[in-house]
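Let me begin by handing over the structure; questions about it come next.
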There are 2 protein chains.
Amino acid sequence: MTLLKIGELAKRSGCSVQTIRYYEREGLLSSPARSDGNFRLYDHQAEERLIFIKRCRSLELSLPEVRHLLTLSQAPGSTCGEVNEMVDQHIQQVEERIRELQSLHRQLHDLRNNCSENRIVEDCGIIRSLVQQKGSK
Amino acid sequence: MTLLKIGELAKRSGCSVQTIRYYEREGLLSSPARSDGNFRLYDHQAEERLIFIKRCRSLELSLPEVRHLLTLSQAPGSTCGEVNEMVDQHIQQVEERIRELQSLHRQLHDLRNNCSENRIVEDCGIIRSLVQQKGSK
DNA sequence: CTTACACTCTATAGTAACTATAGAGTCAAG
DNA sequence: CTTGACTCTATAGTTACTATAGAGTGTAAG
């Protein structure tokens, strides 16, 4: 039942002090108790909530999504269809971004093949490719 | 040798009017000539330069990188080793991000498998997994 | 001539999720 | 009573734009 000051919570959670205060401002963490000297004092529940947020963020869920999950997880009796939906949607976004980056990777590889040696820039195939319109030879 | 107003250049290049003005402020495009009524007037060279920038951005090079490439491509006699290096480095960053996202994808998939049906949130395996510390069962 | 409209101009604020700083206060140890 | 480590609030900066307000320009129709 010991209460933590923000620096201790930061160390335990792996979030920075500023980030914790930021989450409070954004309504992801509720305002904690304060000491006589106006320092924030966090209980175990707050620590768990912060770690929940941290896990969500490590999965790259957005803060609005995290906020939504926090709300859902505390609405007694609500069903978890929405939770599933959010995760599914997020998976799709990740898949799409992977495809984008793979296409980008191919393009960069092709570009790189245009110039293998150290030439003067006027002859550099990379610069040339970037200058030319896509369709041109 | 016709000069283009910013709206026409925007259409031709696929950039928005605001983006073109933004590139000017950031020093990627030089200040163009102005009409009597103070409208920007762009020549063919400016159009080519903008398209160069557009291509670089479609490869997700950062604006500082693009600026650097523009400088290099116009320094007469400089060699293109730096160009190659930049592209190689960018390729590595893309590869790293792909690996990150693939790991993320696996984690999200695992998470999703924790809850397949419509349960009440208290029993939802997804929420449970997010609440629990990584190591715990 | 004037009025409508489509365009342009500058300057400013907003986006996401933080990070960094300034300037002031708190608290325990020496 | 001073030093040092911590905390507080408020504010500005990051990236690459996008959006808006309020004013001016240019042309065509009535």
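Numbered from 1 within each chain, the chains take letters A, B, ... in sequence-line order.
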remark   = B:E24 CD to C:dT10 P, in whole Å, measures 7 Å

key: Atom-to-atom span, CG of B:L28 to P of D:dC17 - whole angstrom   =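 Computing the B:L28:CG to D:dC17:P distance gives 9 Å.
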
ask   = Rounded to whole angstroms, how far apart are OH on A:Y42 and C1' on D:dT7?
value =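 In whole Å, D:dT7 C1' lies 11 Å from A:Y42 OH.
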
query = B:L63 side chain: which of D:dC8, D:dC17, C:dT19 is closest?
reply =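 Side chain of B:L63 sits closest to D:dC17.
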
ask   = Could you give the CZ-to-C1' distance, from A:R25 to D:dC8, as a whole number of Å?
value = 12 Å

key: Listed nucleotide nearest any side-chain atom of B:R40, set C:dT19, D:dC17, C:dC9   =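 The nucleotide sitting nearest to the side chain is C:dC9.
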
query = From the list D:dT18, D:dT7, C:dT8, which nucleotide is the closest neighbour of the side chain of B:Q18?
reply = D:dT18

task = Return the value, rounded to whole Å, for the distance between atom CG of A:L29 and atom P of C:dC18.
result =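 Taking atom P of C:dC18 as the reference, CG of A:L29 is at 12 Å.
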
request  = Compare all side-chain heavy atoms of B:Q93 with those of B:E60 and state whether any distance is below 4.5 angstrom.
outcome  =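 A side-chain contact is absent here, since even the closest heavy-atom pair is not under 4.5 Å.
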
task = Compare all side-chain heavy atoms of A:R34 with those of A:L41 and state whether any distance is below 4.5 angstrom.
result = no

Toward the 5' end of DNA chain D, by each residue's nearest nucleotide, A:E8 or B:P64 = A:E8

message = Could you check whether any side-chain heavy atom of B:I53 comes within less than 4.5 Å of a side-chain heavy atom of B:L70, counting everything from C-beta outward?
response =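 B:I53 vs B:L70: side chains touch.
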
Heavy-atom side-chain contact between A:C15 and A:K54 under 4.5 Å =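 Result yes, sub-4.5 Å side-chain heavy-atom pair found.
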
Shared hydrophobic cluster, B:Y42 / B:V17 (ILVMFWY, side-chain heavy atoms < 4.5 Å) =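 Linked within one cluster.
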
inquiry  = By nearest atom, which of the nucleotides C:dT10, D:dT9, D:dA16 is closest to the B:R34 side chain?
reply    =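 Out of C:dT10, D:dT9, D:dA16, the nucleotide with an atom closest to B:R34's side chain is C:dT10.
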
query = Just wondering, do B:L63 and B:Y22 contact through their side chains at under 4.5 Å, heavy atoms?
reply = yes

message = Under 4.0 Å from OP1 or OP2 of D:dT18: is there any side-chain N or O of B:S16 that close?
response = yes

ask   = Rounded to whole angstroms, how far apart are OH on B:Y22 and P on C:dT15?
value = 17 Å

key: Involving DNA chain D, stems made of at least three consecutive Watson-Crick or G-U pairs, both distances under 3.5 Å   =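 Output for stems: C:1-30 with D:1-30.
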
query = Do A:R112 and A:L108 have side chains that get closer than 4.5 Å, going by heavy atoms?
reply = no

note = Picking from D:dA16, C:dC9, C:dC18, the nucleotide nearest the side-chain atoms of A:Y23 would be C:dC18

request  = Answer whether the closest heavy-atom distance between the side chains of A:K11 and A:E8 falls below 4.5 Å.
outcome  = no

ask   = Does a salt bridge link A:R21 with A:E24, judged by any charged N lying under 4.0 Å from a carboxylate O?
value =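 Here A:R21 does not pair with A:E24 in a salt bridge, since their nearest N and O are not under 4.0 Å apart.
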
query = Is there a donor-acceptor contact under 3.5 Å from the side chain of B:R49 to the main chain of B:S30?
reply =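 The answer is no, because no donor-acceptor pair under 3.5 Å joins these two groups.
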
message = With a cut-off of less than 4.0 Å, is there a side-chain N or O of B:R57 near OP1 or OP2 of D:dC17?
response = yes

ask   = A:R21 near the nucleic acid: base, sugar-phosphate alone, or nothing, with a heavy-atom cut-off under 4.0 Å?
value =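 The answer is base, as A:R21 lies within the cut-off (heavy atoms under 4.0 Å) of a base atom.
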
Polar atom pairs (N or O), protein with nucleotides 23-30 of chain C, under 3.5 Å:
residue	atom	partner	partner atom	Å
C:dC27	OP1	A:G37	N	3.2

ask   = In whole Å, what is the span from the CG atom of A:L61 to the C1' atom of C:dA16?
value = 14 Å

task = Among D:dC8, D:dA16, C:dC18, find the nucleotide with the atom closest to the side chain of A:I6.
result =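 Nucleotide nearest to A:I6's side chain: D:dC8.
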
